[in-house]
Number of protein chains: 2
Amino acid sequence: MLRVSKLTDYATEVMAALAAAPARVHSAQELTERVRLELPTVSKLLKQLASAGLIESFRGVNGGYRLARAPERISIADIVIAMEGPIGMTECSAQAGSCDHESHCGVRVNWQRINQAIAGALAGVSLADMIKPSPRRRAASIPLRVVGA
Amino acid sequence: MLRVSKLTDYATEVMAALAAAPARVHSAQELTERVRLELPTVSKLLKQLASAGLIESFRGVNGGYRLARAPERISIADIVIAMEGPIGMTECSAQAGSCDHESHCGVRVNWQRINQAIAGALAGVSLADMIKPSPRRRAASIPLRVVGA
DNA sequence: CCTAAAGTGTACCAAATCGGTACTGATTAG
DNA sequence: CTAATCAGTACCGATTTGGTACACTTTAGG
Ligand code: FES
Ligand code: FES
């Protein structure tokens, strides 16, 4: 279905919850209640987001998580990459050599261009955009361009 | 990794091989040699592409497959949809109701917009584009727009 | 007709991935 | 010291993916 994993979707919800109060430190427990998921699941997401540098973690009593940057400076692409690794529509479009028959694949370079278009689409939407309920403000369009190879 | 399935990648290669001689009928055997895959695999791809209406099939001796439309009128989105079903980045962005906790998911509508951006990116590249080795001709950009919700 | 060259349909299987759970350890405020 | 809280690891069942096998149908051509 060409979809992002469910965990990634959850991660955007958690990030959106964090972005609602970017300055405060939120415990995993609190976020769990907000997004209505199981605690271990949320915990795993948070750990992964933290190790990707998108959020900061504080241990001990009254610890928790907080956005590492302003919501405007965190993109959906950041979240997707944190959860699923580099964006690559085909085996070899992320890095060369991973696909076993690259030699006789005439469409590789074009997939790479498509790949950039997708990455651009995801990079063009910030976390701040995600928490705006109605996108009227954004001129009703996300212009994207793919710089040719 | 947010990637298209390997079969889908293969499908684009097979389609590209067909597009190299759009008027001729190609047997599965011939295409197998071209893309260097196993015959049963290629056969499965072709069947699926045929039932999606992207290619026409001819049975019997001297049978085979042929593009149903001109390469310019077949997009990557067509191929992806034929192989993986409707494009939906999240459970519910393809059709509502599939996600169990849509009620308290504040990011749904925004994912839908992203979804449209991705679909647009895939729809904007035709099979004819894929077989051009260098994309200089296409003004070095694929402009995309997402009409706001 | 008969036969061989094709596509069609179904069923199955091994491996990988995904989503989720459990448990144990490390850190820190009070 | 203790409770709250994050960190790490390991595991498990379900699903998906990629691939294979095999029996059936259609059709050109002798
Ligand atoms: S997918 Fe890697 S070469 Fe075509
Ligand atoms: S994913 Fe369906 S609602 Fe958030």
Side-chain angles (χ1 to χ4, degrees), chain A residues 1-14 18 24-33 35-66 68 80 83-85 88-91 98-101, chain B residues 1-14 18 24-33 35-66 68 80 83-85 88-91 98-101:
Chain A
M1 213 238 286
L2 182 54
R3 68 186 194 79
V4 93
S5 101
K6 211 183 289 187
L7 276 309
T8 304
D9 179 18
Y10 294 164
T12 61
E13 296 193 40
V14 170
L18 284 170
R24 230 181 66 230
V25 170
H26 307 246
S27 76
Q29 177 62 45
E30 178 195 337
L31 293 167
T32 296
E33 286 158 15
V35 300
R36 304 292 247 280
L37 296 170
E38 299 306 314
L39 177 58
T41 301
V42 173
S43 195
K44 183 150 68 171
L45 298 178
L46 288 166
K47 194 184 355 172
Q48 208 162 340
L49 292 167
S51 69
L54 299 184
I55 59 181
E56 292 174 314
S57 68
F58 301 93
R59 301 175 70 153
V61 182
N62 297 329
Y65 296 90
R66 190 178 58 186
V80 171
M83 298 303 298
E84 317 203 349
M89 295 295 282
T90 59
E91 293 289 344
S98 47
C99 181
D100 35 339
H101 69 306
Chain B
M1 214 238 283
L2 183 53
R3 67 187 196 80
V4 93
S5 101
K6 211 183 288 187
L7 276 308
T8 303
D9 179 19
Y10 295 164
T12 61
E13 295 192 40
V14 170
L18 283 169
R24 231 182 66 231
V25 170
H26 307 245
S27 75
Q29 177 63 45
E30 178 195 337
L31 293 168
T32 295
E33 287 158 14
V35 299
R36 305 292 246 282
L37 296 169
E38 299 308 313
L39 177 57
T41 300
V42 173
S43 195
K44 183 149 67 170
L45 297 178
L46 288 165
K47 194 186 353 171
Q48 208 162 339
L49 291 166
S51 69
L54 299 184
I55 59 181
E56 292 174 313
S57 68
F58 302 93
R59 302 176 66 152
V61 182
N62 298 330
Y65 295 91
R66 189 178 59 185
V80 171
M83 298 303 297
E84 317 202 349
M89 295 293 283
T90 58
E91 294 288 343
S98 46
C99 180
D100 34 340
H101 69 307

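Order of the sequence lines fixes the chain letters, A, B, ..., with proteins taken first and strands second; residue numbering starts at 1 for each chain.
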Worksheet item: Does B/Thr41 reach the side chain of B/Leu7, with side-chain heavy atoms less than 4.5 Å apart?
Response: yes
Worksheet item: Is any side-chain heavy atom of B/Asn62 closer than 4.5 Å to a side-chain heavy atom of B/Val25?
Response: no
Response to the item:
From NE2 of A/His26 across to P of D/dC6 the rounded distance in Å is 12 Å
Item to complete: Show your working on salt bridge (Lys or Arg N to Asp or Glu O under 4.0 Å) between A/Glu30 and A/Arg24 and close with a plain yes or no.
Response: CA-CA 12 Å; A/Glu30 178 195 337; A/Arg24 230 181 66 230; 2.4 Å; yes
Practice prompt. Take atom CD of A/Gln29 and atom P of D/dA3, then tell me their distance rounded to the nearest Å.
Written response: 17 Å
Practice prompt. Kindly check if the number of other-residue, nucleotide or ligand heavy atoms within 6.0 Å of CD (B/Glu38) is above 12?
Written response: no
Worksheet item: Counting just side-chain N and O atoms, does A/Tyr10 come under 4.0 Å of either OP1 or OP2 of C/dG20?
Response: yes
Response to the item:
Residues in residues 49-64 of chain A with a heavy atom under 4.0 Å of DNA chain D, by number, are A/Ser57, A/Phe58, A/Arg59, A/Gly60, A/Val61, A/Asn62, A/Gly63, A/Gly64
Practice prompt. Can you tell me the distance, in whole Å, between the CE atom of B/Met83 and the C1' atom of D/dG18?
Written response: 11 Å
Item to complete: Check B/Asp9 against B/Val4 and note the closest heavy-atom contact, atom names and distance.
Response: N-CG1, 4.3 Å
Discussion item. Between the base of D/dG19 and the side chain of B/Lys44, is there a donor and acceptor pair under 3.5 angstrom?
Written reply: yes
Worksheet item: To the nearest Å, how far apart are A/Glu30 CD and D/dA4 C1'?
Response: 14 Å
Practice prompt. Could you pull out the closest heavy-atom pair between A/Ala11 and A/Leu45, with the gap in Å?
Written response: N-CD1, 3.9 Å
Worksheet item: Choosing from D/dG18, D/dG8, C/dT8, which nucleotide comes nearest the side chain of A/Lys47?
Response: D/dG8
Worksheet entry | B/Lys6 NZ - D/dT16 P separation (whole Å) | 18 Å
Practice prompt. Take atom CZ of B/Arg24 and atom P of C/dA6, then tell me their distance rounded to the nearest Å.
Written response: 13 Å
Practice prompt. Take the protein atom CG of B/Leu7 and the nucleotide atom P of D/dG19, then report the distance between them rounded to whole Å.
Written response: 7 Å
Worksheet entry | Shortest non-hydrogen separation from B/Phe58 to B/Arg66 and the atoms involved | CZ-NH2, 3.5 Å
Item to complete: Can you tell me the distance, in whole Å, between the CG atom of B/Leu39 and the P atom of C/dT8?
Response: 12 Å
Discussion item. Is the phosphate of C/dT17 approached by A/Ser5 (side-chain N or O, under 4.0 Å from OP1 or OP2)?
Written reply: no
